[in-house]
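A quick write-up on the structure given underneath.
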Amino acid sequence: MFKKFLYLFYLLPLTAFAQSEPITDYVARLEKLENFLYIISFISCALIIFTFTYFSFRYKRKTKDEQGSATTHHNLPLEIVWSFIPFVIFMLAFGWGWWLYKDLYSPPKDSLEIHVYGQMWSWEFVYKNGRKTTNEFYVPADRPVKLIMTSRDVIHSFFIPAFKIKQDVVPGQYTSLWFQANRQGNFHVFCTEFCGTGHSVMNAKLHVVPLKEWEDWLKNDPYKGLSLAEIGKKTFQGRCTACHKTTSEKLIGPGMAGLWGKTQKLQNGKSVVADENYIRESILNPGAKLVEGYSNQMTPFAGLLSEEELSGLIEYIKSLK
Ligand code: CUA
């Protein structure tokens with residue numbers, strides 16, 4: 001709380017004394033550079049204010065008809081000093097920043113790789129063994145992790161505030177981020193590129209856990225022992241809640257309660273009964289039968305859901321009354 005209060009007022013040099021142990025080495029190194037910049041800025045600011053105030057009094061006109069001296073000339077040594085000192089400081093900050101930047105974009109060779117997909121408006125994480133998760137992911141502590149990221153629609157941005165790392169996620173190409181957390185914990189992930197109506201809910205959770213726990217988690221089948229409707233509920237919570245409510249209320253898309261078996265009025269004047277095939281089509285190819293009063297904003301889920309998840313979603317929607 002105290003730390004947040006300090007940040008609020010940009011008294012950042014003082015936060016050096018209020019910080020908990022940094023979560024990654026990169027954060028520790030970056031904070032040293034940040035503190036250097038804050039202290040330099042603070043000293044410069046104090047010097048400028050001090051000399052400004054001092055000169056205002058020292059060279060103030062003392063009598064009404066006092067003339068200013070017209071014989072002010074260049075002072076070469078002085079000019080060299082006040083150009084050279086800032087130059088050295090700027091080069092130091094540049095070199096220091098470059099040294100950090102270089103490591104930020106050079107993930108260690110033995111990094112654990114995780115594929116990340118951004119789409120309006122959720123994050124999907126895919127592990128090498130095929131394990132998939134939405135809006136949350138697990139990594140082991142004390143191991144470098146590399147995220148290989150791309151987008152399925154528009155530009156998003158992957159931001160882990162506690163780790164002080166952020167990277168644009170762009171359709172049609174891969175970008176990456178890497179980190180090595182030195183202790184366990186849960187951390188927020190935000191989308192920081194305005195990507196449409198659901199941008200503010202495009203968040204995820206990062207769980208850093210001990211290696212053994214992570215290995216068990218990775219092998220675990222997330223749907224083991226669940227009924228189809230329960231699988232659907234899980235899928236719905238990960239994929240759909242940014243736009244659809246489980247009540248009949250409208251969010252970005254229509255609410256789901258009471259949808260099953262209802263006759264839907266479409267934009268083209270026709271109508272359709274919400275049965276299995278209609279729901280399936282509306283998930284895989286949302287633009288095919290647009291409901292009256294809604295625009296075509298949803299990302300097609302064709303290829304993104306397993307048959308089991310699709311059937312699960314349909315059973316779950318059936319259960320929402
Ligand atoms: Cu994705 Cu904002």
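One-based numbering, in listed order, for ligands and for the atoms of each.
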Side chains of Gln237 and Tyr316: any donor to acceptor distance under 3.5 Å? no
With a cut-off of 2.8 Å, does Met202 put an N/O/S atom close enough to atom 1 (Cu) of ligand 1? yes
Would you say His156 reaches atom 2 (Cu) of ligand 1 with an N/O/S atom under 2.8 Å? no
Return yes if some donor-acceptor pair links the side-chain N/O of Ser111 with the main-chain N/O of Glu113 below 3.5 Å, else return no. no
Classify the ring geometry of Tyr101 against Tyr105: parallel below 30°, tilted from 30° to 60°, perpendicular beyond 60°. tilted
Cys195 N/O/S atom closer than 2.8 Å to atom 1 (Cu) of ligand 1: yes
Out of the N/O/S atoms in Glu193, what is the name of the one closest to atom 2 (Cu) of ligand 1? O
Side-chain donor/acceptor of Tyr223 to backbone N/O of Glu309, under 3.5 Å: no
Quick check: of its N, O or S atoms, which one does His199 have closest to atom 2 (Cu) of ligand 1? ND1
Are Phe42 and Tyr38 an aromatic pair by the rule of ring centers under 6.0 Å? no
